[in-house]
*Asks:* 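Quick one: this structure, given as structure tokens, is what I'll be asking you about.
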Amino acid sequence: MEFITQTTPLIVIKEKKMTVQACLTKHSGFDLETSGLDRFFHQATQVAFTEPAVNLIERTKVFQARLRRCPMSLAEPDALLTTAVPFASFDDKSHRTGYSIAVGLAKWIREQTNTVFHGFNASFDKGFVQGLFYKNLCDPFLMNKGGRTVSDARQTFLASSILDGGIRILRNPDGVWSSTQEAFAAANDLMYGAHDAKEDTAALWKLLGLATISSPELVESLDLTFDKSRLAEAASRASFFVALAFSRAKGPRLEGRAVIGRHPKYGNQQLAVRLGFLDDRQALERAFETIATASPDDVKFCRFKANDAPMTILPGQKLMDRLLTPEQQDQLLQIANLARSNTGLYEACCTAQVTKINNYAVPEYPEAQMISHGFWTDNDMSVARRFHEASPAGKLALMPEMEDERMRYFAEQIVYSNWPDALPSAALQRLDEYCAWRLRTDDDVPWVTIPKALKRIDELLPTCLEEPKRLLEDYRSALTSLEMNPIQRSR
């Protein structure tokens with residue numbers, strides 16, 4: 001794994017042997033730590049992946065990399081408290097730059113064909129990988145191409161927790177349920193240092209093994225979930241399906257849904273009617289009445305996107321028969337047939353989806369324009385591949401060949417962040433001024449600025465204990481220094 005430098009052995013389940021085969025060739029767990037919650041305006045600070053394995057309990061290793069701060073990027077003070085990592089470590093010259101990590105990680109992922117990448121609340125971590133790739137001129141959607149897919153391990157854990165003999169889920173003394181990874185680990189007697197990418201990934205992998213090792217029925221359903229084309233076809237043909245949900249008041253829940261047609265804008269998505277939760281008989285009865293008699297506006301809809309590998313339980317699967325009684329399945333079938341035969345529901349849902357898309361605000365800054373301004377063209381991706389292989393001077397020479405304005409913007413940012421001395425003096429001065437503005441501005445911008453961070457630190461400090469207080473005070477000192485001298489070369 002060229003994109004990382006540190007390795008650690010992973011805890012291995014030794015007592016039992018897997019009795020069912022994985023549906024795809026390989027599986028890999030992954031996790032990221034970040035400087036905030038916005039995948040476009042914050043950055044990854046740690047990246048960890050497991051070495052691919054042929055099933056979810058095979059011995060493997062966790063590989064981790066720590067990323068250096070981009071000169072124009074700051075951390076949310078709350079993120080420092082979550083990870084307990086001092087801000088000064090983000091400028092550690094021994095850490096790799098985001099560009100170096102992005103190019104190496106993209107190369108490695110392309111080599112992992114037919115691989116399922118498992119992450120906890122995976123859409124968050126996958127989103128940051130996409131943002132990392134997009135801003136560094138790599139294909140943002142690599143993890144969903146070449147037979148690859150991303151699976152949300154949280155749904156796997158929730159499904160297992162419902163089964164007899166599955167993993168345990170935490171319910172606090174006050175009756176509130178918890179479905180964080182730390183809670184699953186604690187409920188299953190796993191101790192680890194949370195909010196460190198390496199530790200989180202190791203714990204994730206062991207929990208995946210515990211969740212699937214004794215449940216061939218669960219693995220059968222996961223088999224379909226991991227195969228995007230089969231899943232999309234099966235869900236559209238099935239009379240109904242069951243999805244996993246979670247409530248802090250009620251814990252893991254099963255919800256009936258039915259696909260009613262394709263999304264009017266996106267060919268890789270379908271529209272579904274939410275039929276009701278299986279643990280609420282009255283709600284199911286109301287759903288039947290609503291679909292039969294009420295306005296389509298009163299019916300709950302959702303999108304079904306096979307590319308996201310949602311945990312999907314279908315009629316005929318052993319897991320469906322294990323979780324639902326014949327009476328429950330028959331009740332869902334009746335509601336689903338009614339919904340699928342009502343063309344007014346589909347038309348109303350299409351109208352709502354188109355209206356929602358048309359009302360999206362067009363992002364102002366290139367960092368957030370990954371979807372709104374279209375995908376990279378084949379020609380620009382070809383130029384980007386040459387860009388990655390070129391010297392710093394060669395990278396600058398290739399920029400005029402890039403047709404997309406966003407790509408030229410990011411290319412210049414890459415050279416500025418990694419090889420500022422390669423820039424012409426006028427360009428370097430312009431980018432220095434832009435960097436200083438991004439860090440210091442009082443404008444209403446979507447990224448962390450020095451004034452925003454200082455204000456948030458002042459809000460947090462009165463409630464902090466000694467160690468978190470020290471982290472924030474050190475960050476405040478660093479921000480004060482940056483405010484006076486925002487251009488601090490780190491190469």
Side-chain angles (χ1 to χ4, degrees), residues 22-32 39-40 49 52 105-106 108-134 138-156 158-159 208 221-238 241-245 255 257-274 301-314 349-350 353-354 356-357 360 368-376 378 381:
C23 64
L24 290 180
T25 305
K26 293 174 290 185
H27 296 263
S28 175
F30 76 107
D31 182 71
L32 281 76
R39 61 175 172 163
F40 296 127
F49 280 75
L105 179 57
W108 178 77
I109 287 178
R110 279 195 297 270
E111 295 169 353
Q112 312 310 315
T113 56
N114 297 330
T115 299
V116 182
F117 295 99
H118 301 262
F120 193 88
N121 282 335
S123 61
F124 177 85
D125 295 283
K126 183 179 77 170
F128 266 88
V129 173
Q130 289 176 337
L132 178 68
F133 285 171
Y134 167 65
C138 301
D139 184 349
F141 307 105
L142 273 176
M143 295 182 82
N144 284 105
K145 294 181 176 179
R148 296 177 287 269
T149 193
V150 179
S151 175
D152 187 354
R154 179 174 179 267
Q155 291 198 332
T156 302
L158 288 172
L208 282 168
S221 290
L222 290 173
D223 183 347
L224 178 63
T225 295
F226 298 153
D227 191 328
K228 294 176 287 188
S229 58
R230 285 179 57 216
L231 176 61
E233 181 179 1
S236 63
R237 290 188 175 184
F241 65 93
V242 171
L244 268 294
E255 183 183 42
R257 300 179 182 178
V259 170
I260 57 174
R262 289 200 171 277
H263 194 286
K265 291 283 190 178
Y266 306 129
N268 65 342
Q269 298 183 29
Q270 298 174 87
L271 302 177
V273 173
R274 301 174 64 176
F301 299 99
C302 63
R303 294 181 299 167
F304 182 83
K305 188 177 180 181
N307 277 359
D308 288 341
M311 183 70 202
T312 307
I313 307 168
L314 295 166
C349 188
C350 285
Q353 290 293 314
V354 171
K356 182 178 180 180
I357 293 168
Y360 282 153
Q369 294 171 354
M370 185 178 78
I371 302 297
S372 62
H373 284 53
F375 304 149
W376 303 132
D378 290 342
M381 286 306 301

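Just so it is clear, the values below take in all heavy atoms, side chains as well, and ignore hydrogens, waters and symmetry mates.
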*Asks:* Search all heavy atoms of Leu231 against all heavy atoms of Pro310 and return the closest pair with its distance.
*Replies:*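 Closest heavy-atom pair between Leu231 and Pro310: CD2-CD, 3.8 Å.
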*Asks:* Lys26 versus Asn114: any side-chain heavy-atom pair under 4.5 Å?
*Replies:*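 In short, these two side chains do not touch, never coming nearer than 4.5 Å.
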*Asks:* Determine the sole option in Lys228, His118, Met143 for which the side-chain contact (heavy atoms from CB on, under 4.5 Å) test with Thr149 is passed.
*Replies:*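 The single option meeting the side-chain contact (heavy atoms from CB on, under 4.5 Å) with Thr149 is Lys228.
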*Asks:* Report yes if the side chains of Val273 and Arg257 come closer than 4.5 Å at any heavy-atom pair, otherwise no.
*Replies:*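 Side chain of Val273 against side chain of Arg257, heavy atoms only: no contact under 4.5 Å found.
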*Asks:* Between Asp308 and Lys126 (salt bridge meaning N to carboxylate O under 4.0 Å), is one present in this structure?
*Replies:*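 Between Lys126 and Asp308 there is a salt bridge, with a charged N closer than 4.0 Å to a carboxylate O.
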*Asks:* Find the distance between CZ (Arg262) and CD (Gln269) and round it off to the nearest 0.5 Å.
*Replies:*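 One gets 11.0 Å once the value is rounded to the nearest 0.5 Å.
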*Asks:* Output the distance between atom CG (Asp125) and atom CZ (Phe117), rounded to the nearest 0.5 Å.
*Replies:*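 Between atom CG of Asp125 and atom CZ of Phe117 there are 13.0 Å.
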*Asks:* Do Thr312 and Phe304 have side-chain heavy atoms sitting under 4.5 Å apart?
*Replies:*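 The answer is yes, as the side chains (C-beta and beyond) meet within the 4.5 Å cut-off.
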*Asks:* Going by distance alone, is a donor N or O of one side chain under 3.5 Å from an acceptor N or O of the other, for Gln112 and Arg148?
*Replies:*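 Per modelled atom types, Gln112 and Arg148 side chains form no pair under 3.5 Å.
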*Asks:* Quick one: CZ on Phe49 to CG on Leu32, what's the gap to the nearest 0.5 Å?
*Replies:*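 It comes to 6.5 Å.
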*Asks:* Just wondering, do Val259 and Leu271 contact through their side chains at under 4.5 Å, heavy atoms?
*Replies:*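 Result no, sub-4.5 Å side-chain heavy-atom pair not found.
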*Asks:* What distance do Phe226 atom CZ and Ser221 atom OG have between them, rounded to the nearest 0.5 Å?
*Replies:*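 Reported value, rounded in 0.5 Å steps: 10.5 Å.
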*Asks:* Are side-chain N/O atoms of Lys265 and Gln353 paired as donor and acceptor at under 3.5 Å?
*Replies:*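 There is no such pair (donor and acceptor under 3.5 Å, judged by atom type) between the side chains of Lys265 and Gln353.
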*Asks:* Could you check Asp139 against Arg110 for salt bridge (Lys or Arg N to Asp or Glu O under 4.0 Å), going step by step and ending with a plain yes or no?
*Replies:* CA-CA 10 Å; Asp139 184 349; Arg110 279 195 297 270; over 6 Å; no
*Asks:* Is there side-chain contact between Ile357 and Tyr266, with at least one heavy-atom pair below 4.5 Å?
*Replies:*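 Yes, their side chains come closer than 4.5 Å.
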*Asks:* Shortest non-hydrogen contact from Met370 to Phe375?
*Replies:*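 Scanning both residues, the minimum pair turns out to be O-CD2, 4.3 Å.
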*Asks:* What distance do Leu314 atom CG and Arg237 atom CZ have between them, rounded to the nearest 0.5 Å?
*Replies:*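 Separation between the atoms: 12.5 Å.
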*Asks:* Would you name the heavy atoms of Ala122 and Val150 that are closest together and state the gap between them?
*Replies:*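 Ala122 and Val150 have their closest heavy atoms at CB-CG1, 3.6 Å.
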*Asks:* Relative to the ring of Tyr134, is the ring of Trp376 parallel (under 30°), tilted (30 to 60°) or perpendicular (over 60°)?
*Replies:*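 Taking Tyr134 first and then Trp376, their aromatic rings lie parallel (interplane angle under 30°).
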*Asks:* How close do Val354 and Pro264 get, heavy atom to heavy atom, and via which atoms?
*Replies:*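 Looking at all heavy atoms of both residues, the closest pair is CG2-CG, 3.8 Å.
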*Asks:* Working to the nearest 0.5 Å, report the span between CZ of Arg274 and CZ of Phe301.
*Replies:*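 That separation rounds to 11.5 Å.
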*Asks:* Quick check: closest heavy atoms across Leu222 and Thr156, and the distance to 0.1 Å?
*Replies:*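 Looks like CD2-OG1, 3.7 Å.
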*Asks:* Of the non-hydrogen atoms in Ala234 and Leu224, which two are nearest, and what is the gap between them?
*Replies:*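 In this case the closest contact between Ala234 and Leu224 is CB-CD2, 4.1 Å.
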*Asks:* Answer yes or no: is there a side-chain heavy-atom contact under 4.5 Å between Leu105 and Phe133?
*Replies:*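 Contact flag for Leu105/Phe133 side chains = yes.
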*Asks:* Are any of the side-chain heavy atoms of Ile313 and Leu244 separated by less than 4.5 Å?
*Replies:*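 The answer is yes; the side chains approach within 4.5 Å.
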